[in-house]
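What you are looking at is a predicted structure, and each value in this text was computed from that prediction instead of being measured.
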Amino acid sequence: MTQSAPICLVVEDTDFDRMIMQRKLAAIDKSLQVRFAATLAEARQCLYEEPISIIFLDNSLPDGKGANFALELSAHRGWSQIPVVMVSDWPSPFMSAKAEAANVVAIWTKTEFTALTVAEVLRSRGLMV
């Protein structure tokens, strides 16, 4: 039985940042499946629709804070095992504290979201060889 490609959920509301992230993800592995959500509501819908392997989560979104969503994920029985990487232009001590409480695997600035860092986190989580 072959293992299906991991599904990455990118929760980001800015078109330009989504485009950059898509290019970085495509550079890693063409079989990597990527879903985008511009809001937390869209992210929840994606989580209900299919098994998400990893989430790259912005903190400032139109309908709330990503760090609060990370806490929600960590408390959800079905979603608590999904690795979350916070990707924010302005990481703050408050965001970092919430992310730590939610067992977020990494906090990156948007410039730290590179093909290399993404591949590294995917490998560390067994989502890529």
Side-chain angles (χ1 to χ4, degrees):
M1 176 185 236
T2 60
Q3 184 177 353
S4 62
I7 303 173
C8 300
L9 174 60
V10 177
V11 187
E12 170 59 58
D13 62 321
T14 307
D15 289 335
F16 180 77
D17 289 338
R18 281 196 306 266
M19 180 187 67
I20 297 296
M21 294 167 121
Q22 174 62 42
R23 286 183 182 168
K24 307 280 182 177
L25 290 163
I28 297 168
D29 184 349
K30 298 294 184 202
S31 69
L32 193 64
Q33 297 182 51
V34 181
R35 306 293 183 264
F36 287 95
T39 65
L40 297 176
E42 289 176 17
R44 284 184 196 93
Q45 187 62 41
C46 286
L47 287 160
Y48 282 116
E49 290 175 357
E50 59 189 328
I52 300 298
S53 306
I54 190 167
I55 300 171
F56 296 99
L57 177 62
D58 187 18
N59 191 47
S60 296
L61 295 156
D63 56 347
K65 294 293 184 191
N68 293 336
F69 185 60
L71 287 169
E72 176 186 332
L73 293 170
S74 71
H76 190 281
R77 194 171 75 166
W79 302 336
S80 63
Q81 298 305 310
I82 302 170
V84 176
V85 176
M86 296 288 304
V87 185
S88 176
D89 278 327
W90 311 105
S92 72
F94 297 108
M95 184 197 80
S96 297
K98 286 182 181 180
E100 186 177 326
N103 296 317
V104 166
V105 299
I107 300 172
W108 299 337
T109 62
K110 300 236 174 130
T111 57
E112 292 173 312
F113 188 97
T114 66
L116 182 63
T117 57
V118 171
E120 195 174 283
V121 79
L122 290 174
R123 271 191 220 93
S124 74
R125 297 292 159 182
L127 299 172
M128 191 174 109
V129 180

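Annotation: side-chain contact (heavy atoms from CB on, under 4.5 Å) contacts of Ser80 (sequence neighbours excluded): none. Glu120 pairs by the side-chain contact (heavy atoms from CB on, under 4.5 Å) definition with nothing, not counting sequence neighbours. For Glu112, the side-chain contact (heavy atoms from CB on, under 4.5 Å) test picks out Trp108, Thr109, with sequence neighbours left out. Looking at residues two or more places apart in sequence or on another chain, you find a ring-ring contact (aromatic ring centres under 6.0 Å, His included) between Tyr48 and Trp79.
Between Leu25 and Val10 there is a side-chain heavy-atom pair separated by less than 4.5 Å. Contact annotation: the side chain of Glu72 never approaches that of Leu40 to less than 4.5 Å [non-hydrogen atoms, C-beta and beyond]. Annotation: side chain of Leu61 is not in contact with side chain of Phe69 (no heavy-atom distance under 4.5 Å). Looking at heavy atoms from C-beta onward, Ile55 lies in side-chain contact with Leu47 at the 4.5 angstrom threshold. Residues Ile82 and Leu73 fail the side-chain proximity criterion, which asks for heavy atoms closer than 4.5 Å. Counting only heavy atoms from C-beta outward, the side chains of Glu42 and Phe36 never approach each other to under 4.5 Å. The shortest side-chain heavy-atom distance between Thr117 and Val85 does not fall under the 4.5 Å cut-off.
When Cys8, Pro6, Pro83 are each tested for a side chain to side chain contact (heavy atoms under 4.5 Å, CB included) with Ser53, only one passes: Pro6.
With salt bridges taken as basic N to acidic carboxylate O contacts below 4.0 Å, one links Glu12 and Lys110.
Grouping Ile, Leu, Val, Met, Phe, Trp and Tyr residues whose side-chain heavy atoms lie under 4.5 Å apart, directly or via other members, places Phe16 in a hydrophobic cluster with Met19, Ile20.
The same ILVMFWY cluster, assembled from side-chain heavy atoms under 4.5 Å apart, contains both Leu9 and Val84. Val34 and Ile52 fall into different hydrophobic clusters, defined by Ile, Leu, Val, Met, Phe, Trp and Tyr side-chain heavy atoms under 4.5 Å apart, directly or through other members. There is a path of hydrophobic side-chain contacts, each under 4.5 Å, that joins Leu32 to Ile54.
The two atoms that bring Pro62 and Thr39 nearest to each other are CG-CG2, 4.2 Å, heavy atoms only. The minimum heavy-atom distance between Ala67 and Asn59, with the atom names listed, is N-OD1, 2.9 Å. Nearest heavy-atom pair, Gly66 versus Met86, reported as atom, atom and distance to 0.1 Å: C-CE, 3.9 Å. Of all the heavy atoms in Thr114 and Lys24, the pair that sits closest is CA-CD, 4.1 Å. Residue Pro51 comes nearest to Ile7 through the heavy atom pair O-CD1, 3.4 Å, listed as atom of the first residue, atom of the second, then distance. The two atoms that bring Asp63 and Ala41 nearest to each other are OD2-N, 3.0 Å, heavy atoms only.
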Extract all donor-acceptor atom pairs below 3.5 Å that involve side chains of residues 96-105 and protein atoms in other chains or at least two apart in sequence.
from	atom 1	to	atom 2	distance (Å)
Ser96	OG	Ser92	O	3.1
Lys98	NZ	Asn68	OD1	2.6

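Expressed to the nearest 0.5 Å, how far CD1 of Ile107 lies from CE of Met95 amounts to 4.5 Å. With rounding to the nearest 0.5 angstrom, the NZ atom of Lys65 is 13.5 Å from the CG atom of Leu71.
By the neighbour-count criterion of 12 heavy atoms within 6.0 Å, atom CD of Gln81 is sparsely surrounded, having that number or fewer from other residues, nucleotides or ligands.
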